[in-house]
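Structure provided below as structure tokens; questions to follow.
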Amino acid sequence: MADKIRRSVQRAAGAVDDASDNVDLAGGALHHLTLGPGPALTAEWVAAGLELPDLTALRRYRNDRVREQLRAMDYAGIIVMDPMNIRYVTDTTNMQVWVMHNGARYAWVGVDGPTIVWDYPGCEFLSGHSEVVDEVRPAIPATYFAAGPRHEEQARRWAAEMLDVMGHRPGSPARVAIDQCHLVGYQALADAGVVLGSGQEVMELARRIKGSDELRAMRCAVHACESTMAEMRETLRPGMTERDVWSLLHAGNVRRAGEWIETQILSSGPRTNPWMQEASSRVIDDGDLVGYDTDLVGAYGMMVDVSRTWRCGEGRPTGAQRGVHALALEQLHRNIELLTPGRTFRELTFNGWMPPIDEYRHYSVLYHGVGQCDEYPEIFFPHDWETWGFDGVVEAGMVFTVEAYVGPRIGGEGVKLENQVLVTERGPELLTRFPLDLTA
């Protein structure tokens with residue numbers, strides 16, 4: 001595989017005579033995923049009693065999961081452009097947030113092989129560490145940013161190469177899944193007779209059951225996130241701005257091998273109700289509640305999505321603060337207990353508990369899946385069932401976050417709490433154990 005990738009890189013660069021000069025182009029010792037979290041951090045996890053993931057086994061599990069889903073849905077293969085899906089099928093990364101909106105990186109997984117990555121030009125070597133990648137080619141970006149008025153021409157070039165990879169011949173039917181695509185490229189595939197299906201459906205269903213090494217990776221990411229949360233709690237003082245506090249989460253995540261944070265949800269005092277305010281320049285006062293949602297992609301590319309609300313400063317919480325916190329805590333605990341195998345999504349919707357909706361604001365959902373990011377399924381409130389609800393079955397190996405937000409409609413501060421939970425054959429297993437108390 002490394003030799004094949006080296007040859008692909010050399011072709012993209014215009015060929016070179018001495019392959020020995022390009023050993024590192026195959027993704028050698030200096031690749032950040034090869035270097036990994038580092039010895040100090042992994043030693044910390046081992047000392048905490050955690051097992052490290054076998055990344056080779058993790059990659060093969062994920063690649064196999066996608067092919068199993070393709071077979072079940074009768075697809076010849078899948079084109080993935082969403083960087084989260086590329087990471088899942090290949091365990092390769094490159095400018096993850098940037099490529100979300102620039103179409104400069106994508107991959108193909110054939111139901112019976114191969115797995116091919118197209119990378120940003122000059123970056124083909126970044127996939128050399130991954131055993132499941134069979135070939136790497138330079139991408140053909142077809143966004144207007146990359147191609148300007150030639151974007152349709154480049155999209156047709158893109159489609160022609162994809163048709164060649166598929167082995168598609170005019171008149172021969174083929175079903176292919178695609179998660180997202182530029183319009184012209186999509187239409188060119190359809191015009192060639194390819195029947196296109198929802199790649200996001202394929203990927204979300206493949207990703208819903210976590211393998212043992214994914215769970216090991218997630219537990220390490222949780223430990224890293226909670227270590228950072230402890231630093232935030234210790235540092236929080238009146239007089240800090242919300243952004244001062246939020247920056248601590250970013251710094252700790254990066255230092256502990258995390259990748260990025262998907263939102264900026266942190267608010268204090270009167271900004272905690274209604275929820276979803278982003279971190280601001282507001283100065284936090286003594287006695288204010290400070291709530292936040294981590295929403296972070298952490299170590300090994302695993303998401304840790306938890307929320308806590310703390311009282312800033314000395315002294316004791318007020319009666320109003322204690323009351324709203326008690327309601328959020330009750331919602332969290334009662335709804336975690338429902339995460340048992342065989343229970344339906346409808347049951348989670350209608351058996352889940354929440355404070356009276358006419359008295360309190362609530363979050364947008366009761367539960368959602370989580371893995372590399374927020375994932376399928378979302379479990380809505382009963383009053384949203386007719387508009388948004390869908391059924392399914394809770395299975396062992398799924399990971400959910402359980403959401404609780406309580407904000408009095410008459411005004412006052414709100415409380416956001418959230419925990420990450422693994423569904424096992426024995427019932428729910430709490431993955432995130434950072435204290436839920438308002439005070440340290």
Side-chain angles (χ1 to χ4, degrees), residues 45 48-51 53 58 84 88 204 207-230 232-233 249 252-253 256-263 265-266 275 291-310 328-341 343 345 348 352 363-379 394-405 415-437:
W45 291 334
L50 299 174
E51 293 183 55
L58 181 150
M84 308 303 288
Y88 187 86
E204 292 284 357
R207 287 162 58 172
R208 76 186 189 279
I209 304 296
K210 276 56 182 179
S212 57
D213 287 289
E214 287 185 286
L215 293 172
R216 292 185 183 102
M218 183 175 285
R219 289 188 173 95
C220 291
V222 166
H223 185 277
C225 178
E226 293 188 332
S227 296
T228 295
M229 291 165 64
M232 293 172 65
R233 188 70 187 92
L249 186 65
N253 186 45
R256 294 181 172 92
E259 300 190 3
W260 74 86
I261 299 178
E262 301 235 285
T263 65
I265 300 174
L266 181 146
W275 187 244
Y292 64 94
D293 193 334
T294 59
D295 281 329
L296 65 80
V297 178
Y300 299 113
M302 302 304 294
M303 174 167 259
V304 185
D305 187 9
V306 297
S307 297
R308 294 293 184 267
T309 301
W310 299 324
L329 199 62
E330 182 175 2
Q331 181 175 347
L332 194 69
H333 288 326
R334 288 175 65 160
N335 291 349
I336 285 173
E337 292 175 0
L338 298 179
L339 288 175
T340 55
R343 197 179 296 273
F345 298 169
L348 293 180
Y363 196 66
S364 57
V365 295
L366 287 162
Y367 309 80
H368 65 78
V370 64
Q372 294 177 296
C373 57
D374 289 356
E375 295 180 352
Y376 168 89
E378 286 200 301
I379 308 298
V394 176
E395 300 175 69
M398 296 177 75
V399 179
F400 288 86
T401 69
V402 185
E403 302 271 10
Y405 171 73
V415 168
K416 178 67 162 60
L417 301 174
E418 179 184 14
N419 265 334
Q420 199 153 310
V421 179
L422 168 66
V423 179
T424 76
E425 294 292 353
R426 301 176 302 279
E429 176 189 329
L430 195 61
L431 295 176
T432 48
R433 298 181 176 276
F434 196 91
L436 291 157
D437 305 322

* Go through the steps to decide whether Arg308 and Arg233 satisfy the test side-chain contact (heavy atoms from CB on, under 4.5 Å), and finish with yes or no. => CA-CA 10 Å; Arg308 294 293 184 267; Arg233 188 70 187 92; over 6 Å; no
* Asked: What's the spacing between Trp310 CH2 and Met229 CE if we round to 0.5 Å?
  -> 5.5 Å
* Considering non-hydrogen atoms only, spot the tightest contact between Cys220 and Glu51 and give its length. => SG-O, 4.0 Å
* Nearest non-hydrogen partners of Asp293 and Ser307, listed with the distance -> CG-OG, 3.3 Å
* Asked: Under the criterion side-chain contact (heavy atoms from CB on, under 4.5 Å), which of Val423, Leu422, Thr340 is the partner of Pro428?
  -> Thr340
* Structure fact -> Distance col, row His368:NE2 vs Cys373:SG, nearest 0.5 angstrom, shows 10.0 Å
* In Å and rounded to the nearest 0.5 Å, what is the CE to CD distance from Met84 to Glu204? -> 10.0 Å
* Asked: How far does CD of Gln331 sit from OH of Tyr363, to the nearest 0.5 angstrom?
  -> 12.0 Å
* Asked: Can you tell me how far OG1 of Thr228 sits from CZ of Phe434, rounded to the nearest 0.5 angstrom?
  -> 10.0 Å
* Just jot down the side chain to side chain donor-acceptor pair (under 3.5 Å) partners of Lys210, sequence neighbours excluded, or say none. => Glu375
* Asked: Measuring from Glu418:CD to Leu436:CG, what's the distance to the nearest 0.5 Å?
  -> 11.0 Å
* **Criterion side-chain contact (heavy atoms from CB on, under 4.5 Å) on Tyr367 and Leu339, from CA distance to verdict** => CA-CA 10 Å; Tyr367 309 80; Leu339 288 175; 3.9 Å; yes
* Asked: Less than 4.0 Å between a side-chain N and a carboxylate O, is that true for Glu214 and Arg207?
  -> no
* Asked: Just one of Thr432, Thr401, Asn335, Asp305 clears the side chain to side chain donor-acceptor pair (under 3.5 Å) bar with Asn419, so which one?
  -> Thr432
* Structure fact -> In terms of heavy-atom contacts, Leu58 and Ala217 come closest through CD1-CB, 4.4 Å
* Asked: Would a distance-only check, ignoring hydrogens and angles, find a side-chain to backbone donor-acceptor pair under 3.5 Å from Gln420 to Leu431?
  -> no
* Taking the side chain as C-beta and beyond, is there a heavy-atom pair between Met302 and Val297 under 4.5 Å? -> no
* Asked: Going through the checks in order, is the side-chain contact (heavy atoms from CB on, under 4.5 Å) test met by Leu296 and Ile261?
  -> CA-CA 4 Å; Leu296 65 80; Ile261 299 178; 3.7 Å; yes
* Asked: Do Leu329 and Leu417 come close enough that some side-chain heavy atom pair is under 4.5 Å?
  -> yes
* Indicate the ring-plane relationship of Phe345 and Phe400, choosing parallel, tilted or perpendicular according to the 30° and 60° boundaries. => perpendicular
* Asked: Is there side-chain contact between Lys416 and Ile265, with at least one heavy-atom pair below 4.5 Å?
  -> no
* To do: Decide, yes or no, whether a salt bridge links Glu395 with Arg208 under the criterion of side-chain N to carboxylate O below 4.0 Å.
  => yes
* When you look at Ile209 and Met398, which way does the side-chain contact (heavy atoms from CB on, under 4.5 Å) test go after all the steps? -> CA-CA 5 Å; Ile209 304 296; Met398 296 177 75; 3.7 Å; yes
